[in-house]
Structure formats: structure tokens, C-alpha cells
Amino acid sequence: IDLLQKKLFQLEEAEGGFDQFTRSYRTFGVQRQPDNSLFFKEWAPAAEALFLTGDFNNWNKFSHPYTKKDFGKWELILLPRHDKSPAVDHNTKLKVVVHTKEGERLYRISPWAKYVTREEKSVIYDWVHWDPALPYIQIHPRPKKPTSLRIYEAHVGIASPESTIASYTNFTTNVLPRIKDLGYNCIQLMAIMEHAYYASFGYQVTSFFAASSRYGTPDELKLLIDTAHSMGIMVLLDVVHSHASKNVEDGLNKFDGSDSCFFHSSPRGDHSQWDSRLFNYSSWEVLRFLLSNLRWWMEEYRFDGFRFDGVTSMLYHHHGTGFSGDYSEYFGLQVDEDSLVYLMLANHILHTLYPSCITVAEDVSGMPALCREVQEGGLGFDYRLAMAIPDKWIQILKELKDEDWDMGNIIHTLTNRRYGEKCIAYAESHDQALVGDKSLAFWLMDKEMYTNMSSLIPMTPVIDRGLQLHKMIRLLTHSMGGEGYLNFMGNEFGHPEWLDFPREGNNQSYHYARRQFNLLDIDNLRYHQLYAFDRDMNRTEDKYGWLAAPPAFVSAKHEGDKVIVFDRANVLFIFNFHPTKSFQGYRVAVDVPGKYKIKLDSDMVQYGGHGRLDHNTEFFTEAQPFNGRPNSMQVNISFDSTKVIVVELLLNVIKS
């Protein structure tokens, strides 16, 4: 807290104060002034001289020098033409020419470039001046911060069944309506910050202020976000401030010719596993760059918050090794205090300026107080990703027959989180879909998904069991695993195969770099049954709000019966994982007395189930204490199924 307060005091004392410092995107790079002159500004402390070149001066390398200022700053003013128009036209190319003290001449893209593009046969991106005469103006207000966060993790480029790079426009037109229909109230957009290497999944960022041009223009991204807002859907940016691409000509690396501009010098400034550069968070200008970057995405594009990537790598000098949970692992000299304070500072600024902002941390270490307020000594995140949960599902699918699953071990993984620190639960994300691994659906049904997913033929045992477990795994994770839920696009309907971007190893193929939404439009395929269950699962949560409720009370985890029973938000959940055994008159514990009715049943025919339960059945409680609850009742449980039962008396109270 002391270090944070010191940083905040320094920000207030900075030239122009806190607001100007964290909005430096208004002064760095290029800015058009009221008289149409263009003001250019860069930070290049190791440079001997800087020049601006581009289409505007026929690529003359020496005609427009920057003026050197204090503290490594360089400035240049281009006066308007005789007709009062700007000296640089919209959509034309620019370059910064850096002369080093060693006599080298380097060609660079401004770190603050707002738009960069790559010609078809080129491997290097170009800085393009983006200043349209009629920029898109967003009109819809930001949605209110939801109490129950249901996130749809998405990648614009793969959001189409076509073997190509999909566009912002395609996402707006074809994907947003699906997300709305499914009941998700938040989208987490991946790979938006410009990255030269498409197969990096957006995690090797080259231009931090530029929205990726491979999907379209900045205005088309603004329209996407504005349309999402009109649907009541928040949009989070997957922000990468943990490291940067090593690219030199079209990245931040060695911008001024030195090894340490924006980054620590080697070896501290190198991430050997990721082959990338690591920021120097103690540098005043790096703080300016990164904090301004957050405000740029919030204000220019009107994102609603961020999923911070690679937080574990930031927090520790070792960038993440095995963690046992011992507190000495979190508070020793191995913690990188500079980056920790940066994260505190970023969260403090975001939540102060934008109270409805949501921040999510990708941390596998379990750092205590990660999701507590900075005033308490926490890092200030709203949520952390519950990364152990998908790992557990993949582990048991790989190593165990489903009849050998350990109910207690599954429950432990789903409930093992610090009280008062909110988690985003998920059964699988993009990590599990990548080549080398398989989605849950593919682990469960594998090659039979190619031949036996038709509803016109009887289900094979593999498809039957796979469909039922797919639904049960997702609902159990949704209802027990956290205070928010995340799904990666396509997995809601059991997307087949894996995800693989075009690269040398697959002959630059786009075949697996797509999402086959067309499978949902074929009525006689079972994918739409999984889609319908995912949709109704979210809608049921929206009605009863278990994600916003205190953690679940588990009343039964029977290893022999393979039954799990728990209640949360006055909703009773019953799971029967047994592959062959159903139960009649099975006694379950309940908290609230009254008459209960089924509200969601994975065994319904429209979800690919067998329709073995009568939904008109009413369940009455008895004042018979059982498994830690004051009341209980008897229910019928089909094998391979789960049900959500809600007390009708409580519903009437809520309605009135």
C-alpha cells in the first residue's frame, strides 16, 4: 500500500497531473490539432536523432526531423497545407527513422500507432495514419455491471465456419445474436491488440494501441462493441501487459536501438519460455505507456474492462513454477514488487475512473488477496480465473474411466477457493481447444462425432454417455465452481475437433482455425441439443442467480452411487454420474421447506436426453433432518443426468 500511495502521489505531481499522464495517447504518437496541424511525439532515450517519413513526403528520410526534448522525448509539428487540410492524409503510411549513437539507421513503427496494416505479400506491418473525416460515434450506454457474470470467450478471426479470417462485421452480424440468445451477458474478446503472428492467438502483441486490422477497421470494432452494448452485453478486452513480441521492425523491441527501451535489459528483460520481452514496470515512461493504454481501450473503443493475461508471470521473478499453496511462496523475495504495484495501480485507476469496470486475472499461482481491494492490501481484481477446474476435468477424462470418477475429489476442486475472492469457473477455455489437446466433447466422443451425431439414428453408447456428461460437467462447473462462468466460443454446442491456426506445421491451413456454427443450423444433428441446454442453463441462472449467491452447501457426495447433491441460492442441484444406476425415492437434504418442482433437467429430449422424468411431479419436504439440513425429501434420479429443483413456495415469495 505504501508503494502504491507513493506512485499515486508521483502521478499527481507529474506534468499535467494524473489525468494527462494516464491519457498520454492524446499527446504521443500523432495528434491532429484544432488548426489541422499534426503534433508528433515519441520517447526514444537512446536515439541520436529521429525523423518522420512516409507517403506525405515521398519517403524522404531527412526532411522532417524531430526536436529533442528533456527526458528522452522527441517532438515534431507538421503545419497544415495551404488549403488548411492536414499534411498527412487519412489512411497513408508513416515511419519513424531512428538514428542511433552507433551510426545505425532504423525504421520503426510508433509505439503509440493507432492503426497498422500488412500488405498481402509482406511480413512486416506498416504504420497507417487513421483519421477518418466521419469516425464512428458510439451511441449506446454501457450496460450495468451484472451481479452474475456469464462470459462468452471469443476470437473474431475464427468466428465463422469459413476457412478464412473472419471480420468484425461478421461477428457483429452473425455471432452477437447467438451470444445474446445463449444468455451470456459479457464477451471476452481475444487477439484484438495487434499481433504480427496470427498463430500466437494474440499473445505476442506488436502494436498495443492498434486494434487488429486483419479483421477490419477501428470503426468496425467500435460498431461491434456498440451493438453488444445495445443488447445489454458487456465487452472485456483480453489485455496483454505481461510481455511483448520480440519483433523489432513492427514491434516495441529496440525501438530506439537499445535493449532497454520499455523493457528490462537482458537477461531480466527476456522471457525464455515465451520468446518475448518483459516490461520494466519501475520505469516512469513504461507506466505512462501501459496505464494510458488501458484508458485508450476504455475511452476510444468503450470496452467495459479487461482480462489481464499472464498475471502469474508478472507477479514472480521466476515467472511461475509449481505452487503448493504455502504462504512463503507468495511473500518472499521471488515476488516482483514492481509489477505487483503496477497491477495494484492499474486496478485502482480503472475502478476509480470507471466504477462499473470489470477486471479478471489469469493467475494459476493462487496469490492471496489478488481479488481484494487495494485499500486492504489486495491487488484490486474483481475476479480470478479458476484455472484448476478445467485442468481437473481434462485430467480425469484422460486418466480415468467415468465409472471410476472420485466425487469428493471433483467437489474439492470446484470449491477450493478463498472465501471473499470471486472466481470465474469454466470447464474448458481456448487453452483446452488448442492443437495438442482436445475439447471436452472430443475427449468424450472422439471420432464418433464424425459419424454418429445424427438424431435420425439411435445414439451409440459413446454418443449417449458423451452428451450426458458434457451437459453435467458444464452445469456442475457453472453452479458450484465460482461467482462467474466462462465458455469458449463453440464449446457450448460441443464443437468437434481442435483449434489450430495456420502455420508452417500445417501448411498454412485455416481448416481448424474456424468455428463451425453451421452445424447448429442442421436440425438432424445433435449439436443444437447441447446448444439448447447451454442456453437454458444460463437462463435458469439468470432467473435464480446462483453465481451471485454464497458458495454451495454440499449435502451429499456418494462415491458408490456417484451422486452429488447441493443447494445454492435456494436452488437444489442433484447430479447422478452413475453410468447405469437410477434411484427411486432417493432422499436428499433441503434447507427451505415447501413444495419443489423441476426447473432444469438434462435428461429432457430436447437436450439429447431420454425424457425419463415427469416434470409435473411435485416434491414435498418433510421435517426430517438429513445430511446437515433441517428438511429432506425423496426424489427419483435417472442415471446419466442432472436436475435443478426449485421450491415453489420460495418462488411465490420472490414474485410477490
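Bear in mind that the values here come from a model prediction, so they are computed numbers and not experimental data. By convention here, the first residue in the shown sequence is residue 1. The figures here come from the full heavy-atom set of this structure, side chains too, leaving out hydrogens, waters and symmetry mates.
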Quiz item: With a 6.0 Å cut-off on ring centres, are Phe323 and Tyr316 close enough?
Solution: yes

Quiz item: Would the Tyr607 and Phe533 ring centres measure less than 6.0 Å apart?
Solution: yes

Exercise. Anything under 30° is parallel, anything over 60° is perpendicular, the rest tilted; go ahead and classify Phe201 against Phe488.
Key: perpendicular

Exercise. Could you walk me through whether Glu162 and Arg514 pass salt bridge (Lys or Arg N to Asp or Glu O under 4.0 Å), step by step?
Key: CA-CA 7 Å; Glu162 305 298 325; Arg514 60 194 180 114; over 6 Å; no

Quiz item: Under 3.5 Å, is there a donor-acceptor pair between the Lys392 and Gln395 side chains?
Solution: yes

Quiz item: Do the ring centers of Tyr184 and Tyr152 come within less than 6.0 Å of each other?
Solution: yes

Quiz item: Taking Glu541 as the fixed residue, which of Arg150, Lys599, Arg535 is the one that meets the salt bridge (charged side-chain N to carboxylate O under 4.0 Å, His left out) rule?
Solution: Arg150

Self-check item: Ring-ring centroid check Phe553 Phe566, cutoff 6.0 Å
Solution: no

Quiz item: Under the 3.5 angstrom rule, does the side chain of Gln529 hit a backbone N or O of Leu467 as a donor-acceptor pair?
Solution: no

Self-check item: Parallel, tilted or perpendicular: ring planes of His495 versus Phe493, cut at 30 and 60 degrees
Solution: tilted

Self-check item: Lys557, NZ atom: more than 12 neighbouring heavy atoms under 6.0 Å
Solution: no

Quiz prompt | Geometric cation-pi criterion Lys438 and Trp443, 6.0 Å radius, 45° cone | solution = yes

Exercise. May I ask you to decide whether Glu421 forms a salt bridge with Arg372, counting only side-chain N to carboxylate O separations under 4.0 Å?
Key: no

Quiz item: Going through the distances and angles, do Gln188 and Leu486 end up as a side-chain contact (heavy atoms from CB on, under 4.5 Å)?
Solution: CA-CA 9 Å; Gln188 178 183 301; Leu486 178 143; 3.7 Å; yes

Quiz item: Hey, does the side chain of His351 reach the backbone of Asn347 with a donor-acceptor pair shorter than 3.5 angstrom?
Solution: yes

Quiz item: So do the side chains of Leu600 and Leu475 get within less than 4.5 Å of each other, counting heavy atoms only?
Solution: yes

Quiz item: Thinking salt bridges, do Asp567 and Arg629 make one under a 4.0 Å N-O criterion?
Solution: yes

Quiz item: Can you tell me if Glu559 uses its side chain to pair, donor with acceptor, with the backbone of Met407 under 3.5 Å?
Solution: yes

Exercise. Could you tell me whether a side-chain N or O of Ser602 sits under 3.5 Å from a main-chain N or O of Met472, the two making a donor and an acceptor?
Key: no

Quiz item: Run the salt bridge (Lys or Arg N to Asp or Glu O under 4.0 Å) check on Glu428 and Arg474 step by step: do they pass?
Solution: CA-CA 9 Å; Glu428 54 184 333; Arg474 297 172 76 78; 3.3 Å; yes

Quiz item: So, do Phe639 and His578 have ring centers that fall under 6.0 Å from each other?
Solution: no

Exercise. Show your working on salt bridge (Lys or Arg N to Asp or Glu O under 4.0 Å) between Arg515 and Glu497 and close with a plain yes or no.
Key: CA-CA 10 Å; Arg515 298 278 92 179; Glu497 302 178 325; over 6 Å; no

Quiz item: With distance as the sole criterion, is a donor-acceptor pair present between the side chains of Ser324 and Glu329 under 3.5 Å?
Solution: yes

Practice problem: Would you indicate whether Glu376, at its atom CD, is surrounded by more than 12 heavy atoms from other residues, nucleotides or ligands within a distance under 6.0 Å? | Solution: yes

Exercise. Check the pair Phe308, Thr359 against side-chain contact (heavy atoms from CB on, under 4.5 Å), reporting the backbone distance first and the verdict last.
Key: CA-CA 7 Å; Phe308 280 75; Thr359 58; 4.1 Å; yes

Quiz item: Does Ile410 reach the side chain of Phe577, with side-chain heavy atoms less than 4.5 Å apart?
Solution: no

Quiz item: Can any side-chain N or O of Asp181 pair as donor or acceptor with the backbone N or O of Leu176 at less than 3.5 Å?
Solution: no

Quiz item: Does the distance from a Lys or Arg side-chain N to an Asp or Glu carboxylate O, for Arg417 and Glu483, drop under 4.0 Å?
Solution: yes

Practice problem: Give a yes or no on whether the ring-centroid distance for His319 and Trp274 is below 6.0 angstrom. | Solution: no

Quiz prompt | No-hydrogen, no-angle side-chain donor-acceptor test under 3.5 Å, His412 and Asp406 | solution = no

Self-check item: Sidechain N-carboxylate O distance under 4.0 Å for Lys422, Asp382
Solution: no

Quiz item: Judged by atom type as modelled, is there a donor-acceptor pair below 3.5 Å linking the side chain of Ser632 to the main-chain atoms of Pro625?
Solution: no

Exercise. Would you check if the distance from the ring center of Phe501 to the ring center of His155 is below 6.0 Å?
Key: yes

Self-check item: Pair Asp521 + Arg178: basic N to acidic O under 4.0 Å
Solution: yes

Practice problem: Start with the C-alpha gap between Glu362 and Arg307, add the side-chain angles, then the distance that decides, and say whether side-chain contact (heavy atoms from CB on, under 4.5 Å) holds. | Solution: CA-CA 7 Å; Glu362 188 216 21; Arg307 179 260 200 193; 3.6 Å; yes

